[in-house]
Amino acid sequence: MQNHEIAKILDEVADMLEVSEDSFFRVRAYRNAARIIRDHPLPIAQMDLKQMRELPGIGADMAGKLKSLVDTGDFDVRRQLAGKIPTGLIELLRLPGLGPKRVRLLSERLRIRDIDDLKKALGAGALRTVRGFGSRMEQQLAQALIGEKHAARARLMYAEAAQSARALLDYLHREAAVEHVEVAGSFRRRKETVGDLDVLALSAAPAAVMEHFLRFDAIKQVLGKGDTKSSVLLSGGLQVDLRVVARESYGAAMVYFTGSQAHGVHLRRIAQSRGMLLNEYGLFRGAERVAGASEEEVYRALGLPLIAPELREDRGEIEAAAAGRLPRLLAREDLRGDLHSHSTYTDGRASIEQMAVRAREAGLDYLAVTDHSRRVAMAHGLDPLRLRDQWREIEAVAKRVEGIALLRGIEVDILDDGSLDLPDDVLAELDWVVASVHYKLSQSAKEMTRRMIAAMRNPHVDVIGHPSGRLLTGREPSEFDLDEVLHVACEEGCALEVNSQPERLDLTDSACLKAKHAGVKLVVSSDAHHPRDFALLEYGVNQARRGWLEPADVLNTRPLAQLRQR
DNA sequence: GCCGTTTTCGGCCCGACTGTTTTCAGTCG
């Protein structure tokens with residue numbers, strides 16, 4: 001049983017406990033445990049009771065339940081709740097305006113057990129007979145049920161959200177009362193997908209800012225508006241929450257709205273333990289404001305150094321900060337080269353020379369030209385003959401374009417059985433070999449693991465490209481045993497890629513962290529198919545930073561000479 | 001259900017906005 005599966009079950013139990021009006025704190029204990037387990041780099045299923053108990057937020061009781069879940073597939077509390085609460089009822093929680101209290105009310109008063117029941121009750125006008133439900137609620141629910149399929153729309157990819165964010169910020173800057181404005185939330189934490197934009201504005205005249213905001217022409221619907229906070233839906237479906245705060249509160253508000261929620265809760269607990277109160281307006285001791293204008297100030301007053309937004313997930317960053325052991329995170333400027341790019345020899349859109357020139361402009365010292373191998377027929381993949389042809393071209397361009405070193409590379413396909421799409425003697429003549437899976441992504445975990453390991457065992461392979469093959473636009477990651485792959489990668493000195501394409505971002509942040517712990521090196525690559533794609537490296541760096549990666553963990557931070565003698 | 005630099009019992013993060021109320025509960029982030 002995978003960590004995310006365990007976490008999902010714990011969250012479901014928390015939902016059921018909430019609907020049955022169990023203790024709020026018990027519910028929170030389950031949610032907390034779910035989050036801890038979801039984020040944990042090692043498989044919980046392989047831990048014994050003692051190791052489970054050592055996780056923060058998992059006590060003796062929870063550890064026992066987890067053990068039972070892993071061993072038998074279920075545990076006492078879950079069994080009891082499942083007999084009492086229909087699963088359809090839990091799904092109602094996802095509807096807007098419906099929380100545990102109202103769902104329970106619906107179930108008791110109207111015998112509603114699932115979404116179908118709710119639809120019928122709405123149609124019969126039965127809802128308004130229940131205390132706490134009025135016409136607005138009926139309307140809201142009816143609308144949500146009509147748009148049910150659309151409501152489940154995916155979160156936006158970070159790069160997409162960035163476009164909306166830029167347009168919105170440009171617009172907000174036009175109001176003179178806005179002294180400063182930034183996007184906080186998961187966007188600022190650089191999560192790979194973003195559900196909404198939390199925008200924070202600094203102003204002494206909140207009313208003017210609100211008024212201006214609500215006139216933004218991309219707004220489709222105003223979900224709520226107040227003196228300091230408003231929520232809207234943009235025409236693209238993205239939700240935006242705007243908060244306006246005063247100067248003395250800006251830092252505290254930034255901490256608060258950047259989140260994550262778990263990080264914030266942890267900070268507020270620390271504040272409390274020191275006899276202070278932390279909220280979005282500041283850090284207070286009694287009536288005295290101890291800090292609030294800047295984030296640095298707030299963290300410092302809690303005895304901590306500033307923590308990078310990308311780390312704020314309560315995955316140990318607060319403990320690391322307290323111990324003075326925060327990582328020195330990778331930055332875009334640390335990257336000296338790009339080790340995955342394409343040209344018109346296969347499916348790239350620009351010549352080797354155009355790519356080289358732009359890579360140099362992007363501040364890179366070296367670029368590996370890694371076109372596809374023949375198996376990728378769609379891209380007119382290279383056979384040994386055309387590959388040798390390309391080497392002559394690389395050599396010629398290297399003479400014409402100064403200031404950047406070009407490496408002879410390949411993105412060689414990993415075939416179904418783990419063998420490579422080009423013979424060893426050809427691979428031996430290359431400076432840099434990326435090995436990637438492009439076909440038969442749906443093999444069993446066992447087959448895929450064996451396939452990747454076979455590729456890594458080939459001494460010419462330097463890095464595995466986009467290891468999971470997942471696309472945020474809808475393709476699930478292929479299944480394989482990450483621990484096993486990391487083990488072999490470490491053994492063979494084979495690196496894993498962090499692919500910067502916005503829809504790939506593969507490896508994920510938590511896989512980066514796992515790789516780091518396993519002693520495996522990473523490569524942050526653009527996988528550029530166009531000269532402008534070198535700008536995408538920013539996204540790969542975001543992902544790497546969320547995975548706690550430091551420059552030393554990433555091979556292409558090294559000068560070329562050092563990379564070669566690896 | 002977790003946890004301990006006041007505690008092994010008695011706490012547990014915090015506030016804005018909405019809808020439905022006539023002073024507040026529920027939801028949301």
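Residue numbers begin at 1 in each chain, while the letters A, B, ... track the order of the sequences.
No donor-acceptor pair closer than 3.5 Å links the side chain of Arg332(A) to the backbone N or O of Ala535(A). Not one N or O on the side chain of Arg188(A) forms a donor-acceptor pair closer than 3.5 Å with the backbone of Val183(A).
If you take CG of Asp241(A) and C1' of dC17(B), they are 11 Å apart, rounded to a whole angstrom. In this structure, Met276(A) atom CE and dT5(B) atom C1' are separated by 14 Å, rounded to whole Å. Between the CZ atom of Phe24(A) and the C1' atom of dC14(B) there is a distance of 10 Å, rounded to whole Å.
Of the candidate nucleotides dT20(B), dG1(B), dA16(B), dA16(B) has the atom nearest to the side chain of Glu280(A). Listed nucleotides dT27(B), dG29(B), dC13(B) differ in distance to Asp198(A); the shortest reach to its side chain belongs to dG29(B). Considering only side-chain atoms of Gln239(A), the nucleotide from dG29(B), dC13(B), dT27(B) that sits closest is dG29(B). Distance from the side chain of Tyr281(A) is smallest to dA16(B) among dA16(B), dG29(B), dT27(B). Minimum atom distance to the side chain of Arg28(A) is reached by dC13(B), of the listed dG29(B), dG1(B), dC13(B). Here dG19(B) is the nucleotide among dC12(B), dG1(B), dG19(B) with the atom lying nearest to any side-chain atom of Arg136(A). Side-chain proximity of Leu277(A) to the nucleotides dC13(B), dG1(B), dC14(B) is greatest for dC14(B). With dC14(B), dA16(B), dT27(B) as the choices, the nucleotide that has an atom nearest any side-chain atom of Lys101(A) turns out to be dT27(B).
Across all strands shown, dC3(B) is found opposite dG10(B) as a Watson-Crick or G-U wobble partner, with both distances under 3.5 Å.
Between Tyr299(A) and His263(A), the ring planes lie tilted relative to each other; the angle falls in the 30° to 60° range.
Spacing between dC2(B) and dC13(B) at atom P, rounded to whole Å, works out to 15 Å.
Within 6.0 Å of atom CD in Glu479(A), 12 or fewer heavy atoms from other residues, nucleotides or ligands are found, so the atom counts as exposed in its surroundings.
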